[in-house]
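Letters A, B, ... are given to chains in the order of the sequence lines, protein chains preceding strands, and every chain is numbered from 1. Fair warning: this is a prediction, and the values are worked out from it, not measured in the lab.
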There are 2 protein chains.
Amino acid sequence: MRLALVHELQAAIPACVVHAAATIATALELIEANQFALILIDPGLPGYDPRSEMDRLKTISTVVERTPAAIHIVITGAESAQEWEEVRTIGVAGYIAKNSLKPGTMTAILQSIADHGCCVGLMHETSMSPEVYHAVLSPREQELVQWMMQRPANISRKAIYDQLGEHLNIDAASAERYYKRARAKLLKFGQLPESL
Amino acid sequence: MRLALVHELQAAIPACVVHAAATIATALELIEANQFALILIDPGLPGYDPRSEMDRLKTISTVVERTPAAIHIVITGAESAQEWEEVRTIGVAGYIAKNSLKPGTMTAILQSIADHGCCVGLMHETSMSPEVYHAVLSPREQELVQWMMQRPANISRKAIYDQLGEHLNIDAASAERYYKRARAKLLKFGQLPESL
DNA sequence: GACGAAAGTGACGGCGCTGTCCCTATTTGC
DNA sequence: GCAAATAGGGACAGCGCCGTCACTTTCGTC
């Protein structure tokens, strides 16, 4: 889980160095030994660190107080608008629900903080559409299949190709061939979903 | 976060199809429409799904009851030995704390379930050593640096190379060159940690 | 019947990661 | 001093993913 966050950060900030801590104790050691520009905090769950009676807010405020020079973002699974109000007064710049943290969102979050000074990502429109992942597909192919499966019935595939080509900065024709390759792979492995 | 789990699964089971749901409602739709062999459940945090009053146990039991043919594993951030006792009586085969879910562990978990019928992964020895990730390094290089930084002072680097070569099934000499390339990159970008 | 959308197949260059091999200074140890 | 360990550099083939180009066939519709 930490790794996922690290990868998001690395994708958003090229050529950065990320330090990760499994427990609050380790985190406190790190912020004493280093000067960080950006700090992500996952307050964790009840009983996250048994040796500490700190609750969520205390944990956050402790870290923030000890690193006044850094920008702080709270990443939480148990989102709460009220908690955001509380931590923003402490000096937290961002409050992101894990549910609204999709791949690639990190860049937008950091941009928003740079522009408006803060960023909130509660569970807005949870993409209710289920996600399907096929291990035999490369990431690009996976993405193509994902898009195609969400295609409304009255939209031609060609339109999706154009849409996707623009979105990924590639040729619409290439997008078409990706989808075809993906479909061929799924057919070959007998994993073709009924949505053709 | 879901994606991280999906990737772990795909790494553990080659050529598999993974369906992911953001909410319990979506999950219930999925298990009605499909026949799954393996189901991972993250009961989520308090308030995870606001439209449902189900608590953690109710959520888990609902899913388990509706999919008697599948193997169930609970992945949770708020681990609790007591909860494991409760869910095992329902028919859950695995109970894994997110903290003990390191990259590559999935294979061992599934193997353990296949062998002993169940698998528990509470927060055993939390690797207290902090983790450092450099975006400029490739995964292999990253791994080498990680190992080398954890090297006890009285162990020669050569021994680490041998150790690593065996662990990764590569030449010890190759491991050496990976570390050197990694070090050169870090030096070039001014990101070299003091641990040389 | 003609035309366009869609499906199915084959091939190519570029790029990055991997794993291997070789060659040279400099430092550390016995 | 000599040998081993360490640091530093350059080169190569294999492989998978990416993006592109070209060709044929089937189907539905007008």
Without decimals, in angstroms, what is the distance between A/Glu176 CD and C/dG8 P? 12 Å
From the candidates C/dA5, D/dG8, C/dA7, the one with an atom nearest any side-chain atom of A/Lys158 is C/dA5
Roughly how many Å is it from CZ in A/Arg157 to C1' in D/dG28, rounded to a whole number? 14 Å
Measure the distance from CG on A/Leu186 to P on C/dG8 and round it to the nearest whole Å. 11 Å
Do A/Glu8 side-chain atoms and A/Gly104 backbone N/O form a donor-acceptor pair below 3.5 Å? yes
With sequence neighbours excluded, what pairs up with A/Glu32 under the side-chain contact (heavy atoms from CB on, under 4.5 Å) test? A/Arg66
Between D/dT6 (P) and B/Tyr161 (OH): distance, integer Å: 7 Å
Using a 4.5 Å cut-off on heavy atoms from C-beta on, say whether the side chain of B/His19 contacts that of A/Glu131. no
Which atom of B/Trp84 lies closest to which atom of B/Gly94, heavy atoms considered: CZ3-C, 4.1 Å
Not counting sequence neighbours, which residues clear side-chain contact (heavy atoms from CB on, under 4.5 Å) with A/Ala159? List them please. A/Ile155, A/Ser156
Going by the rule side-chain contact (heavy atoms from CB on, under 4.5 Å), which residues pair with B/Glu176 if we only count those two or more places apart in sequence or in a different chain? B/Tyr161, B/Lys180
Residues two or more places apart in sequence or in another chain: which of them pass side-chain contact (heavy atoms from CB on, under 4.5 Å) with A/Ile90? A/Leu57, A/Ser61, A/Val64
Output the rounded distance in Å from CE (A/Met148) to C1' (C/dA7). 12 Å
Salt bridge present between A/Asp42 and A/Lys98 (N-O < 4.0 angstrom): yes
When the nearest nucleotide of DNA chain D is assigned to B/Ala184 and to B/Arg151 on a heavy-atom basis, which residue is associated with the more 5' position? B/Arg151
Can you sort out which residues in residues 4-16 of chain B have a heavy atom within less than 4.0 Å of DNA chain D? Ascending by number, please. none
For nucleotides 17-30 of chain C, read 5' to 3', which letter fits each nucleotide if B means a protein heavy atom sits under 4.0 Å from the base, S means only the sugar-phosphate is that close, and - means neither? SBBBBB--------
